[in-house]
Structures are given as C-alpha cells and as structure tokens.
Visitor: 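I have a structure I would like to understand better, so I am pasting it below and will then ask my questions one at a time.
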Amino acid sequence: MSPPDCIRVLSPVGEVRRRVLTAPALPPDLRGKTIGFLDNTKPNFDKLVAEMAGLLRERFGVKAVVHRRKANASTPAAPEILAELAKACDLVLAGSAD
Amino acid sequence: MTLRSQVLELPDSPEAVFQAFCEREWCDGLPIIPPTPERVEAMLASVAGDAEESLGPLPPLWREATLEKLAVNSVMAGCLPEFFPVVLAAVEAMLDPAFNLYGVQATTHPVAPLLILNGPYARTIGMQSGAGCFGPGFRANATIGRALRLILMNVGGGWPGGHDMATHGSPAKYSYAIAENESASPWASHHVELGYAANQSVVTVFGGEAPHNVNDHVSTRAAGILHTASDTAATLGSNVKWYLSQSQLLIVLGPEHAATIAADGFSKDDVKVFVFEHARLPLGTLKLGGMWGIQEWPDWMLAVTDDRALLPSVASPEEILVVVAGGAGKHSAVVPNCTFSRAVHRPLTRLRA
Amino acid sequence: MPKDDRYLDPTDSVAVPRKTAHRPPSLDGKVITLLDISKPKGNHLLDRIEELLKERAKPKAILRRKKPTFARPAPDELRQQILSESDVVVEALAD
C-alpha cells in the first residue's frame with residue numbers, strides 16, 4: 001500500500017517489444033572499402049557527397065563511392081535502393097542535408 | 001485487470017503530479033489528470049480488447065501502442081471513457097502505412113494529425129461540429145486531440161527538438177479534432193462519400209497544417225467563394241504541389257458558404273473540380289522559391305516551359321477533401337497536407353455495446 | 001496545506017449585468033436612426049426595416065447613418081450625433 005497523502009500513477013511511456021537490431025561493427029580501416037551515400041534529396045547534399053567522396057579517396061584510401069537518392073526527403077528509401085547499397089557497400093552514410 | 005506500466009508514487013497534489021510529469025518530459029506543458037490505475041481501468045472498460053493488446057509499434061521509437069498506454073495518455077489528456085473508442089480508431093488510422101506516421105512525427109514541417117469524426121457517435125460524445133469547432137471550449141474535441149498528441153510524444157517518442165524535428169511546431173499540435181457539421185451540410189457527409197452508412201461512426205485522420213482562413217464576405221455565387229478558397233490553397237510556402245503524388249487539400253466549408261455554393265447547383269464533386277482547376281500557381285511564381293528544383297512532379301509538369309502556365313496543387317480532383325463544419329459567418333478554411341501523408345479513415349470498431 | 005475542496009469561480013460572476021437602454025412603448029412620433037455598420041448588404045436589411053417602420057408605425061423621422069468601417073467602434077462624433085438627434089437606434093449587423 002502507498003503511504004497516506006500519496007497517489008499512485010502509471011507511466012505513459014511506451015515500451016519496445018520488437019527485437020532490437022544491432023548494426024554490424026564499423027570496419028577499423030576504410031582502405032579498399034566501398035562507401036555508400038543515401039541522399040535524402042534535400043538541396044546541396046549532392047555537393048557534400050562530391051566533396052566527401054574526394055576526401056575519402058585521398059585521405060582514407062577508399063576504393064569506391066556509391067551515391068543513391070531516395071524518391072523524396074519525407075518517405076523511406078525504396079527497398080531496392082537499400083538492397084543495392086547493402087550488397088555493394090561495406091559502409092553506408094545516410095545523409096540529411098537541408 | 002492486470003496493468004503492466006511502471007507505477008510512481010507521488011505526493012497527492014495537482015502541482016506535485018504535474019511537476020513530476022513535466023520533469024520526466026511526459027506531458028505537453030499543460031496540466032494533466034493523474035493517470036491512476038482506477039482511472040486507466042475505467043478508460044479501458046469503455047472498449048473491447050485487452051490492456052496488453054497492441055495496435056502496433058509507433059514511430060519514431062517504435063514503442064508499442066498497447067491499449068493500456070493509450071488509456072494512460074487519454075486519462076492524462078482529460079478524456080472521458082466514452083471518448084476512448086475515438087482515440088483508438090484514430091491511432092489505428094495513423095498506423096496505416098499510407099499515413100506515413102514516421103514522416104509526420106519526424107519532419108521539420110509543422111504538420112499535426114487533424115481528426116475528423118463523422119456519424120452519430122460525434123453527437124453522443126458532444127464533439128463540436130458547429131461554431132468554433134477548431135477550438136477552444138469543447139471537452140471532446142480538446143481532450144481527444146490532446147490524447148493523440150500525448151500518445152505521439154509518450155508512446156511514439158516524438159519529443160520536440162529530439163525526434164520531432166519541427167522547426168516551430170504548431171498550435172495545432174496541442175489538439176486538432178473536429179466533427180463534421182452533417183446537419184448543416186447540403187451534401188452527403190464525408191463518411192457516406194467514402195462508402196460508409198450514414199449511421200456508422202468513422203474517424204478520418206489528415207496530416208495537415210493549421211487551418212488557413214478563407215474570408216469571403218461578398219460573394220453570392222459558388223464561383224466567388226471557391227475562387228477565394230482556391231487562392232488561399234495555392235500559396236508558394238505550403239507543401240502541397242511540390243510532392244504532387246501525395247499532395248492533398250482539405251476544404252472545410254462554413255455552413256453559410258456551403259449553402260451558397262449548393263444553391264448554385266454545385267455538387268461536392270463540382271466543388272473539388274473547381275478547386276482543382278483554380279488552386280494553381282504560374283510556373284514563373286513557382287520558380288521564385290519554395291521547393292523549386294527539388295520537387296517531385298510527373299513528367300508532363302516537368303516539361304512545362306511557359307512561365308505563365310498554371311500548374312495544379314494536387315494530382316486530381318479526388319485529392320481534394322470537402323467537409324462542412326463551423327457555425328454562422330462568412331468564413332471557411334483550407335488545410336493543406338504535409339505532402340508525405342495521405343488521409344486515412346477507420347470506423348469505430350471497439351465500442352463496447 | 002490543509003485539504004480544502006472549495007474552488008473559486010474564474011468568471012466575472014460578481015459584476016453587475018449591463019442594462020439595456022429603456023425601450024419606448026411605441027415608436028409613434030419618435031426619431032429613429034438606422035445605423036449601417038458598413039458590412040456588405042447591411043443597407044438591404046435597413047432598407048427593408050425602414051419600409052416596415054413606415055408601414056407599421058408613425059415615426060417622426062427615420063435617419064440613416066453609417067459607420068466608416070465595421071472593423072472599429074463608431075467614432076465619438078457619430079455616437080454623440082446619434083445620441084443628440086434620435087430616440088431609438090437600430091443597428092444592422094449584416095454578414
């Protein structure tokens with residue numbers, strides 16, 4: 001029983017039932033790896049990708065960069081794009097430019 | 001009834017409970033009714049289903065929308081138990097993939113789910129459809145709308161600046177719920193148009209901006225009022241028209257405007273066609289800003305080169321929803337959607353007979 | 001703090017209700033002002049009221065006055081003018 005002058009209330013916060021997915025460990029070194037960029041289609045992300053692709057190649061010895069665009073910024077990426085990136089890349093960066 | 005939620009023991013004063021919930025980021029900033037087990041059980045008793053049954057995981061944190069959690073939040077919002085079936089139908093509707101709740105919850109746009117209740121249950125629970133229906137002043141409207149917001153924050157995890165990335169948010173995010181003024185409508189009401197019987201009660205959720213006012217004090221013909229509504233709908237700064245495939249417009253006609261339009265022989269479909277034809281901006285205006293250059297348009301629109309060409313805001317007249325609501329006066333409202341969420345409807349199925 | 005279940009009325013419940021002006025028992029021989037607030041078609045309504053007043057009563061005179069805009073209260077001069085020249089005012093709130 002609760003002490004007098006106390007009120008018992010319930011937490012409104014939801015609980016997760018789904019199995020939590022853990023992302024695979026990031027590679028220790030990017031040398032020779034293929035890096036993917038998932039572009040959210042907002043302006044200037046393409047410029048960011050171009051710049052970063054250059055840096056990744058020059059400084060980290062990245063083998064290739066794959067750049068894919070979602071249909072638009074506000075809906076999830078199509079399953080085909082995700083499957084393609086998963087197959088081709090060792091590491092994918094999801095970009096949210098604005 | 002077994003409840004599974006974590007229990008807190010707090011000093012029994014309104015201030016202490018309110019303070020404790022604010023500190024935990026469990027409320028919208030307004031005072032709450034303390035969700036005691038007794039109150040939550042009374043809420044659950046108004047619907048068919050078990051406390052631990054889940055309507056599905058709610059984005060962005062994918063936490064389960066169990067009837068218990070929905071009841072806890074509805075108690076906090078100030079709902080009466082008889083409002084709870086409406087809250088459940090709205091959550092079911094928002095979980096339809098077409099509603100894209102993840103996008104609605106996480107976007108920088110000021111979108112809020114507008115709940116529209118049709119059918120006899122609106123009258124049963126006193127959901128306002130007449131004067132001042134967007135608020136304030138009506139418990140059913142205010143607390144049902146607020147329950148949805150608390151659910152989106154506490155179950156979904158859409159906390160402003162955290163997972164809810166809205167730049168400004170919106171007053172509509174506190175609460176946004178109306179009933180259609182069916183008795184003042186010259187046409188079949190929204191749910192009948194959707195194929196339901198008039199005596200069924202149906203919830204529609206629409207991911208929209210706050211209402212944009214349509215003031216037309218002078219038109220005595222349908223065309224005048226609908227020109228004013230169309231002009232209000234076609235603005236460079238609203239999301240509609242940029243992602244055309246998911247753009248929708250909701251026109252909330254005041255009863256006086258609706259009567260004038262219907263007296264001119266316009267059906268509801270005529271209203272939709274008129275607004276579809278006139279809620280347009282010239283290509284030259286669209287090029288000035290907005291989302292020019294990143295729009296998602298069909299090929300025929302992308303091929304247009306004449307700056308004077310008038311381009312539509314939605315893909316077809318069917319993407320325009322028309323309801324009648326409000327009281328006396330020469331005002332209507334346009335609610336543009338966020339363009340990544342489509343209107344979804346669900347009948348009230350969990351009413352306990 | 002001791003528990004107290006009494007609550008205070010948040011409305012202005014102690015204010016004295018406003019009194020409406022005295023109504024004359026008959027309009028015969030009175031000066032009547034018809035005040036147009038300048039919303040569209042208010043004049044249609046007042047035209048009809050003027051007709052009916054002439055038909056059904058014997059006012060001494062019917063004066064037509066108009067606010068410059070419905071969006072603000074009538075200017076003081078207009079109010080004083082109406083007060084000094086008429087016994088009864090009918091205001092049309094058309095919309």
Side-chain angles (χ1 to χ4, degrees), chain A residues 1-24 36-53 66-86 92-98, chain B residues 3-13 16-17 20-21 24 26-27 32 34-37 39-40 54 57-58 61-66 68-69 71-73 75-76 100 102-104 106-109 150-151 153-157 239 242-243 245-246 291 293-296 338-341:
Chain A
M1 282 307 291
S2 39
D5 301 327
C6 266
I7 185 170
R8 287 158 50 82
V9 294
L10 302 179
S11 160
V13 176
E15 282 146 26
V16 175
R17 277 187 197 163
R18 277 191 171 182
R19 194 165 49 88
V20 178
L21 294 175
T22 43
F37 281 95
L38 181 58
D39 184 339
N40 74 346
T41 76
K42 285 205 173 182
N44 302 326
F45 188 71
D46 48 349
K47 294 178 185 143
L48 189 65
V49 173
E51 181 77 14
M52 285 179 73
V66 181
H67 178 193
R68 291 289 175 269
R69 283 166 61 88
K70 302 203 303 182
N72 65 58
S74 300
T75 46
E80 305 84 72
I81 294 182
L82 295 181
E84 186 200 344
L85 287 171
V92 178
L93 300 173
S96 179
D98 227 346
Chain B
L3 297 177
R4 298 169 162 236
S5 295
Q6 180 203 348
V7 177
L8 275 80
E9 286 192 352
L10 298 169
D12 188 7
S13 82
V17 175
F21 276 60
R24 287 169 174 76
W26 284 358
C27 87
I32 53 146
T36 58
R39 291 184 180 125
V40 171
S54 174
L58 274 185
L61 297 186
W62 306 107
R63 300 189 296 214
E64 296 295 330
T66 60
E68 175 175 337
K69 288 299 177 187
V72 171
N73 284 281
V75 168
M76 286 169 61
N100 187 16
Y102 190 93
V104 169
T107 180
T108 50
H109 177 271
L150 292 174
I151 288 163
M153 294 172 93
N154 289 329
V155 184
N239 273 31
W242 295 116
Y243 296 150
S245 65
Q246 300 199 81
M291 295 178 79
I294 52 168
Q295 69 269 40
E296 191 198 11
C338 57
T339 70
F340 42 83
S341 167

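Note that the structure is a prediction, hence the values are computed from the model and not measured. Quick note on labels: first sequence line is chain A, next is B, and so on, each numbered from 1.
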Visitor: Where on B:Leu10 is there a heavy atom nearer than 4.5 Å to chain A: the side chain, the backbone, both, or neither?
Guide: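 Both backbone and side chain of B:Leu10 come within 4.5 Å of chain A.
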Visitor: Could you state the interatomic distance from CD (B:Gln246) to SG (B:Cys338), rounded to the nearest 0.5 Å?
Guide: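 Answer for the CD-SG pair, B:Gln246 versus B:Cys338, is 8.5 Å.
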Visitor: Please classify the contact between B:Gln295 and chain A as side chain, backbone, both or neither, with a heavy-atom cut-off of under 4.5 Å.
Guide: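 No part of B:Gln295 comes within 4.5 Å of chain A.
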Visitor: Is it the case that the side chain of B:Asn239 and the backbone of B:Thr339 share a donor-acceptor pair, with hydrogens and angles ignored and the cut-off at 3.5 Å?
Guide: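 No; judged by distance alone, with no hydrogens or angles, the pair does not exist.
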Visitor: Determine yes or no for a side-chain-to-main-chain donor-acceptor pair under 3.5 angstrom, with A:Lys70 supplying the side chain and A:Asp39 the backbone.
Guide: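 Checking the backbone N and O of A:Asp39 against the side chain of A:Lys70, no donor-acceptor pair under 3.5 Å is found.
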Visitor: Which region of B:Val17, side chain (C-beta onward) or backbone (N, CA, C, O), has a non-hydrogen atom less than 4.5 Å from a non-hydrogen atom of chain A, or is it both or neither?
Guide: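 B:Val17 touches chain A through side-chain heavy atoms alone.
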Visitor: Report the relative orientation of the aromatic rings in B:Trp62 and B:Tyr102; use parallel for angles under 30°, tilted for 30 to 60°, perpendicular for over 60°.
Guide: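 Rings of B:Trp62 and B:Tyr102: parallel, as their planes differ by under 30°.
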Visitor: Between CE of B:Met76 and CH2 of B:Trp26, what distance do you get to the nearest 0.5 Å?
Guide: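 It comes to 8.5 Å.
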Visitor: Taking it one step at a time, do B:Arg4 and B:Glu68 satisfy salt bridge (Lys or Arg N to Asp or Glu O under 4.0 Å)?
Guide: CA-CA 8 Å; B:Arg4 298 169 162 236; B:Glu68 175 175 337; 5.9 Å; no
Visitor: Enter the distance from B:Ile294:CD1 to A:Arg69:CZ here, rounded to the nearest 0.5 Å.
Guide: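 Result: 9.0 Å between the selected atoms.
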Visitor: Counting only non-hydrogen atoms closer than 4.5 Å, does B:Val40 touch chain A with its backbone (N, CA, C, O), its side chain (CB onward), both, or neither?
Guide: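 Just the side chain, heavy atoms under 4.5 Å.
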Visitor: With a 4.5 angstrom heavy-atom cut-off, could you sort out which part of B:Leu3 is near chain A: side chain, backbone, both or neither?
Guide: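 The side chain, not the backbone.
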Visitor: For B:Gln6, which atoms come within 4.5 Å of any heavy atom of chain A: side chain, backbone, both, or neither?
Guide: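 B:Gln6 touches chain A through backbone and side-chain heavy atoms alike.
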Visitor: Let me know if B:Thr36 has heavy atoms under 4.5 Å from chain A in its side chain, its backbone, both or neither.
Guide: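 The answer is both parts of B:Thr36.
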Visitor: Can you tell me which portion of B:Pro35 sits under 4.5 Å from chain A's heavy atoms? Options are side chain, backbone, both or neither.
Guide: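 It is both, since atoms from each part get that close.
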Visitor: Counting only non-hydrogen atoms closer than 4.5 Å, does B:Val72 touch chain A with its backbone (N, CA, C, O), its side chain (CB onward), both, or neither?
Guide: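 For B:Val72, side-chain heavy atoms alone lie under 4.5 Å from chain A.
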